[in-house]
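To start, the structure under review is shown below, and the notes come after it.
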Amino acid sequence: MDRIIILDFGSQTTQLIARRIRELGVFCEIFPGESVITKNLLKDTKGIIMSGSPFSVYEKGAPEPHGSVYSTGLPVLGICYGFQRMTVSNNGKVNASTTKEYGRAAVKILSGSELFHDIPDGFISWMSHGDSLDDLGDGFVLSAVSENHPAAAININMNFYGLQFHPEVSHCDFGTEILANFVFRICKSDKSWNMNIFMDHISEEIRIKAGDNKVLLLISGGVDSSVVAGILLKVLPPENIYLMYIDTGLMRKNETDEIKIYLKSLGAENIQIVDASGIFLNKLKGISDPEKKREIIGDLFIKIQEEELPEGLSDNYFLAQGTLYTDLIESGKGVGGKAKVIKSHHNVRSPMVEAKRNAGLIIEPLDKLFKDEVRQLGLTLGIDRRIISRHPFPGPGLAVRIIGEITLEKLSILKEADALFIDELKKRELYNEIWQAFCVLLPVKSVGVTGDNREYGYVLALRAIKSVDGMTADVYPFTTSDLLEISSVITNKISEIGRVVYDITSKPPATIEWE
Ligand code: XMP
């Protein structure tokens, strides 16, 4: 199987590059940016891509590719930092620029580089850089420019290609076509990658890793852990798989009952349901800090799981999790370990999970996939479409949707409001058009009037976004009448809520969740 190697220098979009390449039907793998490119590593490799980075090339501690990258003879494509690093390694010069470029920028194509085959001159790219190339370096020729900066360059002798913009980002017009030009026209890769092949690959990996050992999977009822359950039950003997569902009390309305039905339908042999809602609420009393909430919940999950360990589970059992690649990158655990921490996801951040990970006793078959790829995989496995199309739900549950301290009263208000919102979306056939929708209960009250009375009620924020992978998100453009009607349904049915607002912030700059 032909392969493209991606060297990760810590960019938030490294995995997007990988996804785009896989979408093109070509297998690719991500390696730390500093990896030595050995003969072994080069097996079946058709080209190398160097990612962007939160660092500037001139910064202390900035990651550097190993010299071997430049002597393979294979085509190398540098993107943003990767481009600048490649030219600097060849005597180019990069400096902080006074004219920064963030967002959309038109690109003028200067030469007939294969990268721009069939790409229209003046296409709109996506830029995100504050540094500029002042000198291209030995042998490089400028092949495209944006208003203030070199946008692309090539060094034909060395087989090096560089792009200042990010073709992997969906906002970059013709980005996929440019990557396809690199992968097919320049690297001459074959299309030989799909979800069935990925399933074969991870099945083999899990079989070897788990051997005859027992595996415990914490089920949340969401898409990720459901797909992991499906994979495990397909790959390992069912008697070795233990499914445990911990009811934290922070789940959506009726979720626990729905999960019980789903688990039964899976045909698993060992299922355990633990009601720990009282313990979670108790531990979260008085806690407002979002990172603290995540830490408490993450640790409690593991603690309860250890206390409630099903009989028959050996000491060195494996812990399986539905960790996604996005969880890893946003927690600063991208492959190269150079990404900056945006938000700690509980299944990454918890010291206890970390201990299992360090002991090599963790199975995370989805840790290279994005949400939409997990859905594809789930469908390939034959998992119920209703489970697969559920909106993503964060591990810490409603705890990160009650801003500030969590109380039983707030939890019950939020559960009701969330159920009403989702129900309205389903009635309007909008649920499947929206990537994720939920309510957030704010720690403020506002004045209202009902009949002749003054009321002092909670403020509820609605959030609904469109996204492909949760890395970026656009606000869902409801019609005004939908918003007005949904707001009325909520305020009419939940007397404690005095005001409903709609969050109209995309990601970036906001994250999807409020905490
Ligand atoms: P953010 O808020 O980071 O969300 O833009 C991106 C996606 O991840 C989900 N999310 C989490 N999932 N544990 C999880 O398992 C977490 O701590 C967590 N925080 C956010 C969020 O719902 C969205 O789908």
Side-chain angles (χ1 to χ4, degrees), residues 12-13 15-16 217-228 245-246 248 250-252 255 280 284 287 289-302 319-334 339-354 362 364 366-367 369-375 388-403 406 414 418 421-422 431 434-440 461-476 503 505-515:
Q12 294 286 321
T13 60
Q15 190 70 5
L16 276 183
L217 170 66
L218 297 179
I219 284 272
S220 71
V223 181
D224 310 334
S225 58
S226 304
V227 171
V228 175
Y245 169 74
I246 299 175
T248 59
L250 304 165
M251 317 301 279
R252 291 165 285 194
E255 194 147 22
F280 274 85
L284 287 165
I287 306 293
D289 177 62
E291 287 294 273
K292 192 78 198 150
K293 285 183 188 172
R294 278 192 165 80
E295 187 184 328
I296 290 173
I297 294 168
D299 287 351
L300 259 187
F301 256 118
I302 305 292
L319 177 67
Q321 295 204 119
T323 313
L324 299 188
Y325 193 76
T326 30
D327 304 349
L328 291 172
I329 338 182
E330 297 211 336
S331 304
K333 304 252 184 235
K340 301 204 164 160
V341 177
I342 305 292
K343 187 182 285 193
S344 300
H345 289 250
H346 82 279
N347 46 354
V348 178
R349 152 75 188 72
S350 159
M352 281 146 148
V353 174
E354 210 65 334
I362 204 141
E364 294 176 311
L366 311 179
D367 68 353
L369 299 186
F370 281 93
K371 199 85 187 183
D372 56 327
E373 292 178 312
V374 173
R375 291 205 168 104
I388 299 297
S389 58
R390 290 184 85 181
H391 287 177
F393 187 62
L398 299 180
V400 290
R401 294 179 179 171
I402 292 172
I403 310 304
I406 299 156
L414 183 60
D418 197 70
F421 184 31
I422 297 301
Y431 185 78
I434 292 170
W435 196 80
Q436 191 173 16
F438 54 90
C439 298
V440 182
L462 306 180
R463 183 94 164 120
I465 52 107
K466 284 176 86 91
S467 177
V468 178
D469 42 41
M471 292 289 285
T472 57
D474 291 318
V475 176
Y476 184 75
D503 178 353
T505 329
S506 60
K507 173 182 179 178
T511 50
I512 295 173
E513 303 289 344
W514 278 42
E515 283 197 335

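Start at 1 and go down the list; that is how both ligands and their atoms are numbered.
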Short list, please: which atoms of ligand 1 are under 4.0 Å from a heavy atom of Pro396?
13 (N), 16 (C), 17 (O)
Indicate, as side chain, backbone, both or neither, the part of Arg294 found under 4.0 angstrom from ligand 1 when only non-hydrogen atoms are considered.
side chain
Does Trp435 approach ligand 1 within less than 4.0 angstrom via side chain, backbone, both or neither, non-hydrogen atoms only?
side chain
When you measure from the side chain of Ser467 to the backbone of Thr472, do you find a donor-acceptor pair of N or O atoms at a distance under 3.5 Å?
yes
Give the atom numbers and elements of ligand 1 that come within less than 4.0 Å of a heavy atom of Gly395.
12 (N), 13 (N), 14 (C), 15 (O)
Tell me whether Glu255 contacts the main-chain N or O of Arg252 through its side chain, where contact means a donor paired with an acceptor under 3.5 Å.
yes
Exam field: side chain Asp418 to backbone Cys439, donor-acceptor pair closer than 3.5 Å
yes
Please confirm whether the backbone N or O of Gly470 pairs with a side-chain atom of Lys507, one donor and one acceptor, at under 3.5 Å?
yes
Under 4.0 Å from a heavy atom of Lys507: give me the atoms of ligand 1 that qualify, with their elements.
1 (P), 3 (O), 5 (O), 6 (C)
Donor-acceptor pair, Ser225 side chain versus Ser220 backbone, under 3.5 Å?
yes
So for Pro394 against ligand 1, with non-hydrogen atoms under 4.0 Å, the contacting part is both
At a 4.0 Å threshold, what atoms of ligand 1 neighbour a non-hydrogen atom of Pro392?
24 (O)
Taking the side chain from Tyr431 and the backbone from His391, do they hold a donor-acceptor pair closer than 3.5 Å?
yes
